[in-house]
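Working notes, beginning with the structure itself.
Start at 1 with the first residue, then count along the sequence.
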Amino acid sequence: MIDLSAIQAAHQRLQGQVLNTPFTHSRTLSDMLGAEIWLKFENLQFTASFKERGALNRMLNLSDAERASGVIAVSAGNHAQGVAYHAQRMGVPAVIVMPRFTPTVKVANTRRFGAEVVLAGESFDDAKAHGYELARTRGLVMIHPYDDADVIAGQGTIALEMLATQPRLDSLVVAIGGGGLISGMAIVAKALNPDIEIVGVQTERFPSMYEATQNVSLPHGAYTIAEGIAVRSPGEITREIVSRYVDRIELCSESDIEHAIVVLLEIEKTVVEGAGAAGLAALLRDQAQGSKRFQGKRVGLVLTGGNIDPLMLGELIERGMVRAGRLARIRVDLRDLPGALAHATTIIADAHANITEVHHQRAFTSLPVRNVEVDFVMQTRGPEHIAEVIERLNAAGFAASNHDH
């Protein structure tokens, strides 16, 4: 088993080669959640993820012969970039195996660090099988994303930095995919403070570590916005460590994670990917359900990474605006006569709402002929403002209702 001294040694090894990222108190999130919230900004690492810590620690322990032969990793995400970047810095040849469906931007980013990218297989498991075959035939060292003692020790350095800044944390809330991050952090945290609570977070669609440690079987989804923790089978080493040190694992939904991404963008002005927002998602869900398990506690969260597709981020912002009542869709029934639409838009303008889209519907409606349904998408100040716009339209004789869901 990995112990505190192995993680302290890893921390010494990594000095000056990865960032000791900011770990700061969030006053606004603390006020929102009724707890003292501290955030570790691992999305500020050079490759925008904590993964380079474990990858580098593993590669620094290679023998001269292994360095000359080169390394290989199987990853479509942050681990790939961490291995490729630090292999380039160390002058070590690197091969990255990715599934064929990997977005071209991730392939390009990994090639930019000088790695040889091999696209193989339709699924991650296919790519993994090909990777192990390549490692065998070409004599390459496999850098596993989580089920490796050196990788786990490298990830655990995050908890050393957090507890050095704020030794009196009551809870650490950490996303779980394969379990490398939470394993390393839990070993450190429990060694320094046996009373600290370690809470893991998985998505409802990929609850593999939850299943493994609770001996239950749950339905899985095909996709999650938190693809960084979409792992179908956790590691053997990590499963043992999680069983021993992690107090409980929480499951959160896609909408919880979406909400957390937008909250971090709006409040902290920081971009996180789905997996990076999982910890906050668990806290927001806990509050919404009224269970108050984190109330009054000093809680440390890790914003694990920031590699999110800009188009997806744009969609999430828009959906977040709908959730907050800042963007609304109002359906209005009109007589299909000249001037009727202009009259409705004037009422909306007088209520100081800004129309961004207008959709006419004549054919696909149950209204009598010569009537038309119009959907107005508009920017508003919030739910009360939406209600005011609807009230004004109804008072003017239009049948108006909120259709934002």
Side-chain angles (χ1 to χ4, degrees), residues 1-23 38-47 49-62 71 73 78-79 82-83 86 90 141 143-201 209 229 234-247 276 279 299-305:
M1 295 294 283
I2 307 116
D3 60 9
L4 177 63
S5 62
I7 297 169
Q8 289 169 328
H11 199 242
Q12 285 299 313
R13 219 175 278 125
L14 299 182
Q15 288 299 304
Q17 301 191 68
V18 297
L19 289 180
N20 182 335
T21 53
F23 182 51
W38 288 72
L39 303 174
K40 180 68 164 161
F41 288 85
E42 284 296 295
N43 56 335
L44 299 180
Q45 292 291 354
F46 180 67
T47 61
S49 151
F50 76 94
K51 287 281 190 179
E52 42 182 280
R53 292 175 182 262
L56 177 57
N57 190 51
R58 174 70 184 88
M59 290 192 289
L60 289 172
N61 283 333
L62 294 171
V71 297
N78 296 330
H79 181 61
V83 171
H86 287 290
M90 293 169 65
V141 177
I143 309 295
H144 197 281
Y146 48 84
D147 215 22
D148 177 283
D150 287 335
V151 170
I152 291 168
Q155 320 304 28
T157 59
I158 295 172
L160 275 181
E161 293 170 8
M162 291 168 76
L163 289 164
T165 301
Q166 177 48 271
R168 295 185 302 130
L169 290 173
D170 299 309
S171 299
L172 291 176
V173 182
V174 185
I176 302 178
L181 175 64
I182 199 168
S183 293
M185 289 184 65
I187 290 167
V188 169
K190 292 289 189 181
L192 297 176
N193 175 11
D195 295 328
I196 198 167
E197 177 187 48
I198 311 288
V199 180
V201 184
M209 186 67 83
I229 52 173
E236 294 300 320
I237 302 170
T238 56
R239 184 183 309 188
E240 191 179 333
I241 297 170
V242 168
S243 298
R244 183 180 300 193
Y245 292 119
V246 173
D247 295 288
V299 183
L301 301 178
V302 185
L303 307 181
T304 55

### Query
Is there a side-chain contact between V83 and R58 (heavy atoms, below 4.5 Å)?
no

### Task
Measure the spacing between CG of L303 and NZ of K40 and express it to the nearest 0.5 Å.
10.5 Å

### Query
I2 and I187: which non-hydrogen atoms are nearest, and at how many Å?
O-CD1, 3.5 Å

### Query
What pair of heavy atoms forms the shortest contact from D3 to S5, and how long is it?
OD1-OG, 2.8 Å

### Task
Could you list all the salt bridge (Lys or Arg N to Asp or Glu O under 4.0 Å) pairs where at least one residue sits in residues 186-195, not counting sequence neighbours?
K190-D247

### Message
Between H79 (side chain only) and I143 (backbone N and O only), is there a donor and an acceptor less than 3.5 Å apart?
### Response
yes

### Query
If we only count heavy atoms from C-beta on, is the Q17 to L60 side-chain gap below 4.5 Å?
yes

### Task
May I have all residue pairs that pass side chain to side chain donor-acceptor pair (under 3.5 Å) and include part of residues 162-187, sequence neighbours excluded?
S171-E197

### Task
Can you see which heavy atom on L172 is nearest to which on A189, and at what distance?
CD1-CB, 3.7 Å

#### Entry: Distance-minimising heavy-atom pair for A153 and A10
O-CB, 4.0 Å

### Task
Can you sort out the partners of H144 under side-chain hydrogen bond (donor to acceptor under 3.5 Å, both in side chains), two or more places apart, ordered by chain and number?
none

### Task
Please name all residues satisfying side-chain contact (heavy atoms from CB on, under 4.5 Å) with A175, sequence neighbours left out, ordered by chain then number.
I229, A278

### Task
List in chain and number order the residues that pass side-chain hydrogen bond (donor to acceptor under 3.5 Å, both in side chains) with E42, two or more places apart in sequence or in another chain; answer none if no residue qualifies.
T21, Q45, R53

### Message
Measuring from atom CG of L39 to atom CE of M162, what distance do you get when rounded to the nearest 0.5 angstrom?
### Response
8.5 Å

### Summary
side-chain hydrogen bond (donor to acceptor under 3.5 Å, both in side chains) filter on N78, not counting sequence neighbours, yields E273, N307

### Message
I'd like to check L62 versus V71 (side-chain heavy atoms, cut-off strictly below 4.5 Å). Are they in contact?
### Response
yes

#### Entry: Partner set under salt bridge (charged side-chain N to carboxylate O under 4.0 Å, His left out) for D150, not counting sequence neighbours
none

#### Entry: Steps toward side chain to side chain contact (heavy atoms under 4.5 Å, CB included) verdict (T157, L14)
CA-CA 9 Å; T157 59; L14 299 182; 4.0 Å; yes

### Query
Are the side chains of L160 and L4 in touch, meaning some heavy atoms are under 4.5 Å apart?
yes

### Task
Provide the closest heavy-atom pair for G235 versus Y146 in the form atom of the first, atom of the second, distance.
N-CE1, 3.4 Å

### Message
Could you report the tightest heavy-atom contact between M209 and P234, atom names first, then the distance?
### Response
CE-CB, 3.5 Å

### Task
Would you mind reporting whether L19 and F46 have side-chain heavy atoms less than 4.5 Å apart?
no

## Note on the structure
Residues at least two apart in sequence or cross-chain that pass side-chain contact (heavy atoms from CB on, under 4.5 Å) with E236, listed by chain then number, are D147, R239

### Query
Given the rule in the side chain to side chain contact (heavy atoms under 4.5 Å, CB included) test, do V299 and V199 qualify, once you have shown the distances and angles that lead to the verdict?
CA-CA 10 Å; V299 183; V199 180; over 6 Å; no

### Query
Nearest 0.5 Å, what's the CD1-OG1 distance between I182 and T304?
12.0 Å

#### Entry: Which residues share a ring-ring contact (aromatic ring centres under 6.0 Å, His included) with F41, sequence neighbours left out
none

#### Entry: Partners passing side-chain hydrogen bond (donor to acceptor under 3.5 Å, both in side chains) against T47 (at least two apart in sequence or in another chain)
E52

#### Entry: Between CD1 on residue I241 and CD1 on residue I198, distance to nearest 0.5 Å
12.5 Å

### Task
Verify, without hydrogens or angle tests, whether Q12 (side chain) and Q8 (backbone) share a donor-acceptor contact under 3.5 angstrom.
no

### Summary
Taken in chain and number order and not counting sequence neighbours, the residues that satisfy side-chain contact (heavy atoms from CB on, under 4.5 Å) with A159 are M185, V188

### Query
Does the pair I158 and F50 meet the rule for a side chain to side chain contact (heavy atoms under 4.5 Å, CB included), with working shown?
CA-CA 8 Å; I158 295 172; F50 76 94; 3.6 Å; yes

### Query
Please, which pairs that meet salt bridge (Lys or Arg N to Asp or Glu O under 4.0 Å) have at least one residue in residues 173-186, sequence neighbours excluded?
none

